[in-house]
Amino acid sequence: MAKTALQFRHNGRDVAIFVDGGTNLLVALRELIGDMTPKFGCGQGGCGACSVLIDGELHLSCLTLAESVAGRSVQTLDGIKDGPNLHPLQRAFADNFAAQCGYCTPGMLMAAKALLDRNPQPSREEVVEAISGNICRCTGYEPIINAVLAAASGRARA
Amino acid sequence: MPVTVKTFSNVGEAAAALSSDRGARYFGGGTLVMRALNEGDLSISSIVRAQDQALLRIDASGPRVTIGAGVTFARILAERDFAFLHAPARSIGGPAVRNMGTVGGNLFAPNPYGDFAVALLALDAVVSVQGGFGARDIPIEEFLQSRERQAGALVLSVSCQKPLAAEAFHYRKVARIKPKGGSVITLAAHLPVSSGRVLGARIALGSMAQTQVRAKAAERALEGRPLDASSITAAASAAVEGTSPADNALASGWYRREIVGVHLRRLLSGQK
Amino acid sequence: MLELRKDIFADERDDNLKEIGKGTQRQDMLGHVTGTSTYFDDHKLQGMLHLKVVRSTHSHARLRRIDTTEAERSAGVRRIIRAADIPRNLNTLLSLINFGKDDEPSLAVDKVRYKGEPIVAVVADSPREAYEAMEKVRVDYEPLPAVFDVEEALKSGAPVVNETYPKNTFTYYDVYDHQKLRFGDVERGLAGADHVLEQRYQMSPIEHAPTETNGSIAAPDTNGRYVVYTSTQALFFSVDTCAKILDVPSNTFHFIGGTVGGGFGGKVDTITEPLCILGAMLTGRPVRYVLGREEEMQYGPPRGAERIYIKDGVMRDGRIVARKVRAYFDSGAYTRLSSYAAVKCAAHLPGPYTIPNVYGDVYCVFTNRTPATAMRGFGVTAMDFAIECQMDKLAHLVGMDPMEFRILNAYRDGDMKAHRREAKNTALIECVQVAAEKAKWPLREEFRRASSRQGGGGERAAVSPTPRDARPQPAMASQQRTSYDRAPVATREPQPPPPPPSSPPRAPAAPSHGATRFSSVFGTRRR
Amino acid sequence: MARHRGRGIASINYPIGMNLGGDPSQALVHSNPSGKFTVALSSIDLGQGMKSVTRQICAETLGVPVEDVYVDTADSDTGPHCMGSFASRGTHRVGNAVMAAAKEARGVMMEAAAEELEVNAADLETDGRGNIHVKGAPHRSISTKDVAIAAQFKQGKTISGRGIFLVPLSDVDPETGEMSPATCYAHACLVAEVEVDDETGEIAMVRMDSAYELGRALNPRLVEQQLVGGAWMGISHTLYETPEPYYPDPAHGPRDFVEYLMPGPGDICPHDIAVLERPAADGPFGAKGPGEMCANPVLPAVANAIFNAVGVRIDDLPITPEKVLRAIKAQGGSRPQQRR
């Protein structure tokens with residue numbers, strides 16, 4: 001079975017891969033490109049661990065047909081740092097101890113980034129809504145909400 | 001065998017490809033079909049995509065609105081003209097799912113999903129379908145009841161009348177988890193009031209039967225009467241009539257029957 | 001918000017420390033926020049194959065026939081693994097601490113005992129090809145009556161779930177079908193009480209639901225060894241369990257883990273590693289076996305359900321004088337860790353209170369559901385729910401404030417606990433006092449002044465005369481005996497070379513295994 | 001219709017570790033020639049902070065800054081044996097093993113420093129900032145880096161240590177259950193406030209106040225993570241979670257995160273926590289373990305609060321709206337209890 005050639009921008013760089021029919025974007029990113037920052041948590045769209053930005057919009061890479069990103073721009077957690085400097089959200093997550101096992105963290109950060117990119121000064125309710133598609137089993141969400149609010153206000157620890 | 005992906009530039013070809021292959025499934029936002037593929041659903045041998053602008057069309061200028069089947073919930077939320085549909089659109093998934101899931105796909109989503117279709121059912125929407133024999137319009141109630149048989153058809157768009165007054169349309173999704181949870185029950189009501197009386201009452205329920213259904217007894221209880229405490233009470237106690245809610249992981253059928261009237265009463269009387 | 005109450009117990013601490021007590025950043029935080037923390041699944045290996053298992057569609061059935069002919073010919077299939085391919089198919093996790101009999105196959109042989117039990121494993125080039133082959137595996141089931149309720153399972157005539165334990169209960173000390181706790185004379189205590197309250201409590205099973213599902217990647221390494229990336233919560237439990245099941249020395253494996261996407265007890269059971277490694281042994285290729293989310297939720301082991309009956313005797317002044325507990329742990333179809341949870345639970349009775357007469361019978365019961373395992377609060381969470389609901393009811397019954405009722409009955413330094421050890425270093429009273437203060441819950445002066453360090457011991461340190469149960473005859477010579485107890489082979493064969501890709505590892509001539517037994521004897525000793 | 005508020009409490013203790021099979025863990029500590037230390041373990045960090053807490057224990061014991069210690073886990077070729085990360089044994093058992101290994105390594109480090117400074121090792125102390133000096137004479141000092149270089153290239157010493165902490169297996173008396181199940185116990189008390197809707201049975205968490213006693217908070221931020229996240233899990237167990245919603249009937253088992261219910265970020269409530277520290281005699285710096293016990297008081301406290309709010313006792317978990325509604329209907333309506 002022939003594979004399909006696929007080109008898109010991945011964290012600001014052009015990439016070209018060949019995918020099998022029906023391959024999802026999560027598999028393409030992890031197994032074909034080697035970007036391990038999006039995580040497999042369910043493959044059902046229920047946990048958000050695989051969240052990425054496609055043309056700046058939050059998407060679940062496990063439910064995205066890889067071919068559908070042809071010519072588009074995909075950003076993962078690996079692409080949000082500014083050179084060696086952490087993104088303010090990454091710093092705020094660290095300062096607020098907003099990660100325990102760390103497995104949901106990449107998806108949480110992308111969901112939070114999607115929010116702040118559009119709405120730099122969100123309310124607590126807007127933060128809650130923005131991360132509602134992402135499951136965290138460790139933290140009880142409170143430190144994550146605080147971290148996003150802290151990043152938005154430019155504060156360090158809440 | 002990997003899955004075959006067939007991408008077409010117009011809906012006609014896509015519809016033909018769909019109707020000619022039992023193993024073909026239309027790929028909209030991916031939230032249903034990609035999940036099935038990830039979980040090893042071998043009944044899908046090919047997926048059909050249509051990159052036709054018609055599917056993304058929105059027409060909200062007149063009293064009757066049309067929404068292309070490929071329009072996402074995020075897009076609905078971005079349109080001020082669709083303010084009456086914002087509550088149902090916002091009740092679906094989290095932000096990522098709203099960026100992906102489409103109005104057309106929601107018509108096929110089984111319990112505990114399909115909340116947007118509840119709202120459309122209360123709005124007497126019409127579904128435009130491209131089949132092997134051309135396009136046709138199907139009233140949404142008929143469409144939902146024959147959903148199993150529509151699998152080979154391609155939904156092009158849905159259309160409905162805008163509520164004349166914003167307060168005539170009511171929507172509530174009852175979920176265990178906030179703010180993103182599967183539906184315990186979903187309620188939508190369109191109650192146009194003319195000269196102080198409800199005329200053309202439509203009440204739709206999600207998770208109260210195999211598919212979204214209308215609460216016709218409750219509609220009758222309101223029809224031609226003023227929307228007041230007594231008619232609301234009558235509608236609330238009739239809400240359960242004609243429903244057949246099942247047990248699932250979110251709640252039992254018993255619980256759904258017990259609370260549907262309570263929530264309908266609260267919804268129509270503006271209580272939390 | 002967290003407040004450190006340094007003022008309490010200050011005289012028992014030296015706070016002159018440099019690193020301890022500081023809110024230092026986590027060593028792994030930078031990795032977490034940059035997505036560079038490496039979990040088991042973040043290893044990309046050349047030519048990796050995918051392993052999936054065909055699971056039982058029945059809760060209880062005899063397997064008449066398993067036909068894999070068509071599946072073996074399916075495109076992309078590298079290997080079908082059946083029970084006969086596994087050197088030591090039968091195992092029990094706690095055999096490593098010599099507790100319990102081998103009762104669970106890695107792949108079902110003649111019977112399935114829960115819905116979702118693995119029957120056949122498929123190793124294929126892609127997940128899709130593995131699914132296609134799975135659909136071609138033909139399993140001929142003869143459904144058997146199933147039992148799902150712990151008390152139904154104990155009735156005579158109930159279906160036998162697990163033939164290793166024909167009474168549907170784990171066997172303790174060769175003779176008992178439950179773990180006992182006996183402290184004082186509970187019947188006398190109940191007879192002398194002003195009020196007696198008996199209640200039933202039911203804990204649900206719980207899914208651990210870590211965001212990372214269970215899984216492992218195994219690959220042939222140099223020198224005939226296998227490198228194994230794993231989500232395990234217990235590295236050497238997994239190493240030695242695999243050594244036992246695959247019957248090779250434990251240093252055949254190089255296990256790498258330690259960064260795990262949540263566990264909560266759900267990654268103790270070594271459920272993916274043995275088949276994953278065997279897949280790598282049989283194909284000579286890297287193999288990945290990761291549970292899907294539905295598999296994790298339904299067939300990954302849960303916290304077991306518990307049914308608990310508590311009967312308490314309480315005096316009008318609020319003193320609890322007797323507590324009698326009967327608890328049933330729903331172990332599912334196999335033992336895993338529930339046998340042990342029951343012992344831990346018995347030791348926990350009667351909760352953090354000093355009660356002169358305590359009686360406990362804790363059963364580990366087999367039913368036709370997914371085998372249960374450990375979870376956060378193992379053996380205790382459900383019992384705490386039952387005890388503390390009961391405490392609230394007792395306080396209500398005697399008309400006491402529930403906080404004061406707990407302080408009145410709280411254990412204190414020097415008291416004798418029901419498992420016959422002196423209570424030391426207790427702090428329940430202080431916790432109640434501080435929680436009351438935080439919640440602005442008024443306590444009367446005498447309860448505000450109470451202390452864990454005062455008022456204990458003395459007659460509270462005594463063990464009252466305890467009647468003994470009649471002891472049944474042991475059913476067998478040594479029911480706990482496992483393969484680990486067999487005489488060790490005097491000289492070990494040199495480590496065999498890795499098997500050729502297409503044939504299973506050779507069955508050893510003599511019973512031997514490479515696993516380390518973690519401890520000497522538990523459960524076999526008699527008094 | 002009405003929504004009623006109620007408060008409930010629960011107090012608990014929790015055993016640290018599992019002594020019933022014998023409970024050992026090992027650690028190895030060694031320095032490189034720059035005076036930077038590696039701790040080798042096989043224990044697992046599944047989010048609870050194993051790497052971080054053992055790092056602090058090692059630094060404190062060695063007398064070096066935490067930045068000079070790195071914890072490497074879990075590799076079966078390099079990490080010595082550990083029973084595993086469960087039973088609240090990490091901080092206590094592994095922490096003690098690391099402490100023992102660090103003590104041994106510190107002994108060699110101090111001997112090597114003594115040789116360089118030409119004094120008796122007993123007269124030396126560490127400043128916690130990477131230097132070793134003569135007690136009372138801070139100017140007679142050497143850096144741990146120089147000590148490490150001297151040990152490696154001049155003295156031929158390995159600055160390293162081995163540690164094991166073993167709680168021997170406790171036998172159980174089959175007749176009485178006499179046993180030593182644990183060496184120390186953590187404690188907690190929690191007050192939960194809930195709001196119950198008497199027409200739908202829905203329960204909302206309003207707030208929680210709690211006190212946890214855990215020997216010593218080795219790192220208060222890690223403790224906070226456990227207590228906040230653990231209490232969330234407690235709420236989840238109480239009101240939401242079950243893989244078998246109609247247990248013991250196995251039907252309708254959830255298959256995904258929509259069907260498996262856990263409180264979302266919109267379901268959480270304020271939680272005010274106090275931490276008490278009564279050091280355990282055999283704990284590393286007195287520490288016990290907060291990881292498991294933190295969820296336990298929440299379940300009964302919430303159940304008791306529901307009774308206080310509407311007068312129904314739900315003794316069957318999870319406490320779903322359906323169970324509450326059935327019970328309210330069975331008693332002919334809600335019966336709010338005395339407000340606390």
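Naming: A, B, ... by sequence-line order, numbering from 1 per chain. All figures in this text were calculated on a predicted structure; none of them were measured in a lab.
Counting heavy-atom pairs closer than 4.5 Å to chain A, the top-ranked of the candidates C:G31, C:G262, C:G35 is C:G35. Between chain C and the residues A:T105, A:T76, A:D35, the most heavy-atom pairs under 4.5 angstrom are made by A:T105.
To the nearest 0.5 Å, the span separating CG on A:L32 from NZ on C:K44 amounts to 7.0 Å.
Under the 4.5 Å side-chain criterion, counting only non-hydrogen atoms from C-beta, A:M36 is not in contact with C:T36. Between A:H87 and C:V33, the closest side-chain pair of non-hydrogen atoms is not below 4.5 Å. Between C:S37 and A:Y103 there is no side-chain heavy-atom pair separated by less than 4.5 Å.
Within the 4.5 angstrom heavy-atom criterion, no atom of A:E142 approaches chain C. Within the 4.5 angstrom heavy-atom criterion, atoms from both the backbone and the side chain of A:A99 approach chain C. Both the backbone and the side chain of A:C42 come within less than 4.5 Å of a heavy atom in chain C. Within the 4.5 angstrom heavy-atom criterion, only side-chain atoms of C:L30, from C-beta onward, approach chain A. Contacts of A:I135 with chain C are made by both backbone and side-chain atoms, with heavy-atom separations under 4.5 Å.
Taking A:R91 as the reference, A:L86, A:D95 meet the side chain to side chain contact (heavy atoms under 4.5 Å, CB included) condition, with sequence neighbours excluded.
The number of heavy-atom neighbours closer than 6.0 Å to NZ of C:K115, taken from other residues, nucleotides and ligands shown, is 12 or below. For CD of A:Q7, the number of neighbouring non-hydrogen atoms (other residues, nucleotides, ligands) closer than 6.0 Å is 12 at most.
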Walk me through it: do C:T211 and A:C101 pass the test side chain to side chain contact (heavy atoms under 4.5 Å, CB included)?
-> CA-CA 9 Å; C:T211 42; A:C101 83; 4.2 Å; yes
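In this structure a side-chain-to-backbone donor-acceptor pair under 3.5 Å is present from C:R293 to A:G41. Distance alone, capped at 3.5 Å, places no donor-acceptor pair between the C:R26 side chain and the A:F97 backbone. Although no hydrogens or angles enter the test, the distance criterion places a donor-acceptor pair under 3.5 Å between the side chain of A:R30 and the main chain of C:D41.
The two residues C:H32 and A:Q100 have their closest heavy-atom pair at NE2-O, 2.9 Å. Minimum heavy-atom separation, C:E294 to A:Q44: N-NE2, 4.0 Å. When all heavy atoms are compared, the tightest approach of C:L291 to A:F40 is O-CE2, 4.0 Å.
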